[in-house]
Amino acid sequence: MSKRTAVITGASAGIGAATARALAEANFHVVLGARRLDRLTPLADELSGTAHVLDVTDPESVASFVRYISECDVLVNNAGGARGLERVEDADEDNWRWMWETNVLGTLRMTKALLPKLIDSGDGHVLTVTSVAGHEVYDGGAGYTSAKHAQSALHRTLRSEHLGQPIRFTEITPGLVETDFSLNRFDGDAERAEGVYRGIRALAAEDVAEVIAFAATRPSHVNLDQIVLKPRAQYNGSRAHRE
Ligand code: NAP
């Protein structure tokens, strides 16, 4: 039997790279997309998958990425992240634009582009990596929380709009995961980024990837609607126990 195909966005690092490994391990042919092709290509080679440059904020890049894909059974909308941590009164519009373009419109573009192939597969599945920030707010986080709320709303709307069609939708909702997320959020400030994970055992990218692979390998009639996973020591986006 030929392998089913899983497309993973933001597969050059963190949760996306770990998900590519987990889905390859689960016998999917993996197609990896991100802007840093130099990081994608060795991973795709290792997993006997394929890699193509993808900028989810650019409609032309999405269109040319999708042209490489003849069949698609699973789409993992993972590309995204945060920029800055300013209060609303000091909000930086460029940061907001980046977060909305990447997390929200990126998910919209990729899903729209691949929906016909996902449905044609007879058993399509879209897994969207939102965040606990998609369901709560915290001071300084409005740009990110509002983008993740919108991404979650978009994802849940799709779940309802495609009832009766052969396609599943799973929202993956992680708490604190130790990746380059905070380094990117704080514009390369390593010390500030390290502070986010100080005194707490955060989730690893692999912990999230394992859950994504679990959801993607349930029988076709089983839809895991939303999976919330956090470190044991984290209660929510603003409350955690630190040693
Ligand atoms: P990360 O290590 O910073 O990885 C982000 C990934 O997104 C990279 O592979 C990056 O690749 C890709 N990306 C960024 N902009 C892109 C664009 N315009 N087009 C295509 N790919 C793009 O962070 P991560 O923690 O793995 O984050 C993955 C997802 O999990 C994000 O949606 C994030 O919001 C969510 N999340 C993270 C946490 C956490 O605590 N880490 C918690 C909850 C949810 P390139 O730079 O090569 O393009």
Side-chain angles (χ1 to χ4, degrees), residues 7-22 31-44 51-62 64-66 75-83 85 95 97-110 113 127-136 138 141 143-152 154-155 171-188 193-197 200-209 211-212 226-231 234 236-237 240:
V7 174
I8 302 114
T9 71
S12 61
I15 295 168
T19 298
R21 285 182 196 284
V31 180
L32 317 188
R35 295 165 304 176
R36 289 172 292 175
L37 198 56
D38 58 319
R39 297 184 66 146
L40 284 184
T41 307
L43 181 59
H52 309 287
V53 73
L54 169 69
D55 181 347
V56 297
T57 69
D58 175 0
E60 281 178 22
S61 173
V62 171
S64 47
F65 178 81
V66 164
L75 166 65
V76 183
N77 284 313
N78 166 76
R83 290 290 179 273
L85 192 63
N95 283 345
R97 215 168 277 118
W98 189 92
M99 291 187 272
W100 277 75
E101 269 291 342
T102 313
N103 296 286
V104 188
L105 291 167
T107 295
L108 171 66
R109 284 187 193 107
M110 287 303 301
L127 299 105
T128 302
V129 183
T130 63
S131 170
V132 293
H135 298 269
E136 48 186 86
Y138 54 89
Y144 184 58
T145 58
S146 63
K148 285 299 192 185
H149 274 72
Q151 185 189 30
S152 169
L154 158 65
H155 173 90
E171 179 179 355
I172 305 289
T173 312
L176 204 59
V177 191
E178 193 158 356
T179 62
D180 292 341
F181 175 89
S182 296
L183 194 65
N184 291 327
R185 174 173 224 170
F186 300 131
D187 201 19
E194 273 164 30
V196 175
Y197 308 107
I200 184 167
R201 172 139 188 218
L203 297 175
E206 290 72 20
D207 296 324
V208 183
V211 167
I212 292 174
Q226 191 199 7
I227 305 176
V228 183
L229 67 157
K230 297 177 210 163
Q234 182 182 23
N236 63 19

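Just so it is clear, the model here is predicted, and its values are computed rather than measured. For ligands, and for the atoms within them, numbers begin at 1 and follow the listed sequence.
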Give me the nearest non-hydrogen protein atom to [atom] as residue plus atom name, then the distance to 0.1 Å.
| atom | answer |
| --- | --- |
| atom 10 (C) of ligand 1 | Ser12 OG, 3.8 Å |
| atom 33 (C) of ligand 1 | Tyr144 OH, 3.7 Å |
| atom 2 (O) of ligand 1 | Asp180 N, 3.4 Å |
| atom 24 (P) of ligand 1 | Thr179 OG1, 3.5 Å |
| atom 42 (C) of ligand 1 | Gly175 O, 3.0 Å |

For [atom], which of the options [options] provides the nearest non-hydrogen atom?
| atom | options | answer |
| --- | --- | --- |
| atom 7 (O) of ligand 1 | Ala17, Ala133, Gly80, Ala147 | Gly80 |
| atom 38 (C) of ligand 1 | Val177, Val56, Ile8 | Val177 |
| atom 16 (C) of ligand 1 | Glu101, Lys230, Arg35, Glu178 | Arg35 |
| atom 21 (N) of ligand 1 | Ala209, Gly106, Ala79, Ala202 | Ala79 |
| atom 32 (O) of ligand 1 | Val53, Asn78, Asp58, Asp38 | Asn78 |
| atom 1 (P) of ligand 1 | Trp98, Phe65, Phe181 | Phe181 |

Looking only at heavy atoms, the pair that brings Ser12 and Ala34 closest together is OG-CB, 3.5 Å
How far apart are the closest heavy atoms of Ile8 and Gly16, and which atoms are they?
-> CG2-O, 3.6 Å
Is [X] near ligand 1, meaning one of its heavy atoms is under 4.0 Å from it?
| X | value |
| --- | --- |
| Ala205 | no |
| Ser182 | no |
| Lys148 | yes |

Is the number of heavy atoms from other residues, nucleotides or ligands under 6.0 Å of Asp187 CG greater than 12?
-> no
Can you tell me if CZ on Arg36 sees more than 12 non-hydrogen neighbours from other groups inside 6.0 Å?
-> yes
Are any side-chain N or O atoms of [X] and backbone N or O atoms of [Y], one a donor and one an acceptor, separated by less than 3.5 Å?
| X | Y | value |
| --- | --- | --- |
| Gln234 | Gly175 | no |
| Thr145 | Ala133 | no |
| Thr102 | Met99 | no |
| Gln151 | Asn103 | yes |
| Arg35 | Asp55 | no |
| Ser64 | Glu60 | yes |

Evaluate the ring planes of His52 and Phe65, with Trp represented by its six-membered ring, and classify them as parallel (under 30°), tilted (30 to 60°) or perpendicular (over 60°).
-> perpendicular
Numbered atoms of ligand 1 (with element) below 4.0 Å of [X], judged on heavy atoms:
| X | answer |
| --- | --- |
| Ala13 | 2 (O), 9 (O) |
| Asp55 | 17 (C), 18 (N), 19 (N) |
| Thr57 | 18 (N) |
| Gly14 | 2 (O), 26 (O) |
| Leu54 | 19 (N), 20 (C) |
| Thr130 | 35 (C), 36 (N), 43 (C), 44 (C) |
| Asn184 | 3 (O) |

Should the proximity of [X] to ligand 1, defined as any heavy atom under 4.0 Å, be assigned to the side chain, the backbone, both, or neither?
| X | result |
| --- | --- |
| Tyr197 | neither |
| Arg39 | neither |
| Thr102 | side chain |

Look only at interatomic distance and state if [X] has a nitrogen or oxygen under 3.5 Å from any nitrogen or oxygen of ligand 1.
| X | value |
| --- | --- |
| Ser131 | no |
| Gly10 | yes |
| Ile15 | yes |

Is Glu101 paired with Arg109 through a side-chain N to carboxylate O contact shorter than 4.0 Å?
-> yes
Check: Thr173/Gln226 side-chain N/O donor and acceptor closer than 3.5 Å = yes
Go through the side-chain N and O atoms of Trp98 and Thr57 and say whether any donor and acceptor fall under 3.5 Å apart.
-> no
Take Thr130 and Glu171, measure what side chain to side chain donor-acceptor pair (under 3.5 Å) needs, and give me the verdict at the end.
-> CA-CA 7 Å; Thr130 63; Glu171 179 179 355; 2.6 Å; yes
side-chain contact (heavy atoms from CB on, under 4.5 Å) partner of His155, chosen from Ile172, Val129, Leu127, Thr128 | Thr128
